[in-house]
Amino acid sequence: MDIAAFARLLAAGWTLIRADALLPRELDPALPPGTRALAGFLRLFAGRAARQGRPGERLARALERLGPVAIKLGQVLSTRADVFGAAFADDLSRLKDRLPPFPDDQARAEIERELGRPVAELFPIFGGAVAAASLAQAHEAVMADGRRVAVKVLRPGVERRVADDSRTLLLAARLIEGLVPAARRLEPVAFVATVIRALQLELDMRFEAAGAAEMAEVMARDGYMRAPGVIWDGVAKRVLTLEWVGGAPLSDPATLELPGLDRQALADNVIRAFLAQALDHGVFHADLHEGNLFVVAPAELTAVDFGIVGRLGPRERRYLAEILYGFLTRDYARVAEVHFEAGYVPAHHDRDAFAQALRAVGEPVFGRAANQVSMSRLLTQLFEITALFEMRLRPELVLLQKTMVTVEGVARRLCPDHDLWAAADPVVRRWIARELSPVARVRELADEAVRALRAIARLAEAETAPPVVVEPVAAPGFAWFAAGAAVAGAAFVLAWALSQA
Ligand SMILES: Nc1ncnc2c1ncn2[C@@H]1O[C@H](COP(=O)(O)OP(=O)(O)O)[C@@H](O)[C@H]1O
Ligand SMILES: [Mg+2]
């Protein structure tokens, strides 16, 4: 038994009890009598903070106090509206990750140790912290060549803190899994392990630097949004240096009043940037709130903070595009089909009943004026309803949906009657036209044929060739010729058939 972890767990439990966030009173009606009695007893110790706010708000406050691991846990829990309900998830998502900064001297010492050079040499001007969170803080600085930069430095000792609290959280998950059979379905230990894993990656600034560089490349292809360049000389495990982003922070209400600002175009850019990243490139900035966005009039948008990058594989991208398109065209049978095809919904469920459930999601949303349609609400409800059909959501899609909620919020605050579908339309249609066009279908079928024939060729070789020697250069021979001819033939026939259709 890890005594230290156990002690920290008790302390954390106490913080939650004080906020009435462990077994909140709102949960009482759903609890069995024994647990309810226990909850009532614990509530005797609740403090003043327990009286204010909804359970999600109380939990958020308690987690803020418990440090980086708890904050991360809260952020991840807030993405599971499908499990905890939209109101709770929404309250939890407002959890703040802002702390008083640590002293500049410590930041300088950290940078010198990590980069192996005096700060005065690297950054002749090194200013105070501009922002501080539980893992790191950011400083404004100027390099010797005059470039203005932002230097992000991890909090001293934060790795130790995260390691300790991770063990505590893991212990809690094990206890829950052992003692509360009802919670086992949610796989607490596996869940906590993924949270800890995500946090460990965020503790390596080299990883964030790579995320920034990759996102800058991806964003440059579409032009909807930009990212600051990485100054690789200023990157180490605990330090990240990025070009300074000029422009006004979107988190400042005064920014919306900037002269010459085209709020409609900005809102379009936010939506299109996000969708193009996710659909076209399969990699998206997963933390696109106002605090991470900067603008220059009329509609130039730059993002910072690349700690969380979401990724979608080809299957998820296709799934996403197809459901958006299916809902746009109200083809519920098709949307249902997509869920079964992707294997998201177990095959034993009734497709027609599923299509009916989808209609229940789609019709009220699309019955409204276009500027009131919410794409993220559609996805949230879709994921809620699909839970009834035992749909197992891929975590990437949960992250995407959460980001979409954020992105839509940003767009709506920029431009209250913004038409999201009109903004999304060109990106979704472009994707559909490219990926689901007859030509793309032929290409895809040809790819499949090649794969199948390759397998056959391999089998044929295995039968004729001696088993041990694999000569990559001398291999193919007749099997490849046959495969090539067959694919060409199949592609030709298909192209012909499609041109007749
Ligand atoms: N390249 C940059 N240019 C200007 N300001 C930046 C830059 N990077 C970060 N900042 C400022 O520092 C703040 C915190 O940095 P961020 O990367 O968002 O860290 P956190 O993960 O703590 O939110 C940002 O909200 C922004 O105000
Ligand atoms: Mg940030």
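This chain uses plain numbering: 1 for the first residue, then up along the sequence. Computed from a prediction, not measured in an experiment: that's the story for all the values here.
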If only atom types and distance count, is the side chain of [X] paired as donor or acceptor with the main-chain N or O of [Y] below 3.5 Å?
X: Arg311; Y: Gly282; answer: no
X: Glu202; Y: Gly307; answer: no
X: Arg359; Y: Asp331; answer: no
X: Arg61; Y: Ala19; answer: no
X: Arg238; Y: Val153; answer: no
X: Arg58; Y: Asp20; answer: yes

Above 12 or not: heavy atoms from other molecules or residues under 6.0 Å from [atom1] of [X]?
X: Arg167; atom1: CZ; answer: yes
X: Arg330; atom1: CZ; answer: yes
X: Tyr325; atom1: OH; answer: no
X: Arg272; atom1: CZ; answer: yes
X: Glu341; atom1: CD; answer: yes
X: Lys96; atom1: NZ; answer: no
X: Phe102; atom1: CZ; answer: yes

Do you know which two heavy atoms are closest between [X] and [Y], and how far apart they sit?
X: Ala62; Y: Leu16; answer: CB-CD2, 3.8 Å
X: Pro101; Y: Ala129; answer: CB-CB, 3.8 Å
X: Pro228; Y: Leu242; answer: CG-CD1, 4.1 Å
X: Cys415; Y: Arg263; answer: CB-O, 4.1 Å

Check the pair Gln264, Asp268 against side chain to side chain contact (heavy atoms under 4.5 Å, CB included), reporting the backbone distance first and the verdict last.
CA-CA 6 Å; Gln264 163 82 37; Asp268 282 351; 3.6 Å; yes
I'd like to know whether Thr241 forms a side chain to side chain contact (heavy atoms under 4.5 Å, CB included) with Asp233, so could you lay out the CA-CA distance, the side-chain angles of the two residues, the decisive distance to 0.1 Å, and finally the verdict.
CA-CA 8 Å; Thr241 309; Asp233 282 346; over 6 Å; no
Among Asp91, Asp97, Asp90, whose salt bridge (charged side-chain N to carboxylate O under 4.0 Å, His left out) with Arg94 holds?
Asp90
Which pairs, with at least one residue in residues 287-307 and sequence neighbours excluded, count as a ring-ring contact (aromatic ring centres under 6.0 Å, His included)?
His285-Phe306
Derivation of the side chain to side chain contact (heavy atoms under 4.5 Å, CB included) call for His349 and Phe354:
CA-CA 8 Å; His349 281 291; Phe354 189 60; over 6 Å; no
Would you mind listing every salt bridge (Lys or Arg N to Asp or Glu O under 4.0 Å) that reaches into residues 282-295, with sequence neighbours excluded?
Glu290-Arg413
Polar side chain donor-acceptor pair, Tyr332 to Glu363, under 3.5 angstrom:
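Tyr332 vs Glu363: donor-acceptor pair found between side chains.
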Is there a salt bridge (charged side-chain N to carboxylate O under 4.0 Å, His left out) between Lys237 and Glu114 once you walk through the steps?
CA-CA 7 Å; Lys237 187 165 187 306; Glu114 286 286 302; over 6 Å; no
Presence of salt bridge, Glu408 and Arg377, under 4.0 angstrom:
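Here Arg377 does not pair with Glu408 in a salt bridge, since their nearest N and O are not under 4.0 Å apart.
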Under the side chain to side chain contact (heavy atoms under 4.5 Å, CB included) rule, what do Leu154 and Met205 come out as? Steps first, then yes or no, please.
CA-CA 8 Å; Leu154 283 187; Met205 288 295 164; 3.4 Å; yes
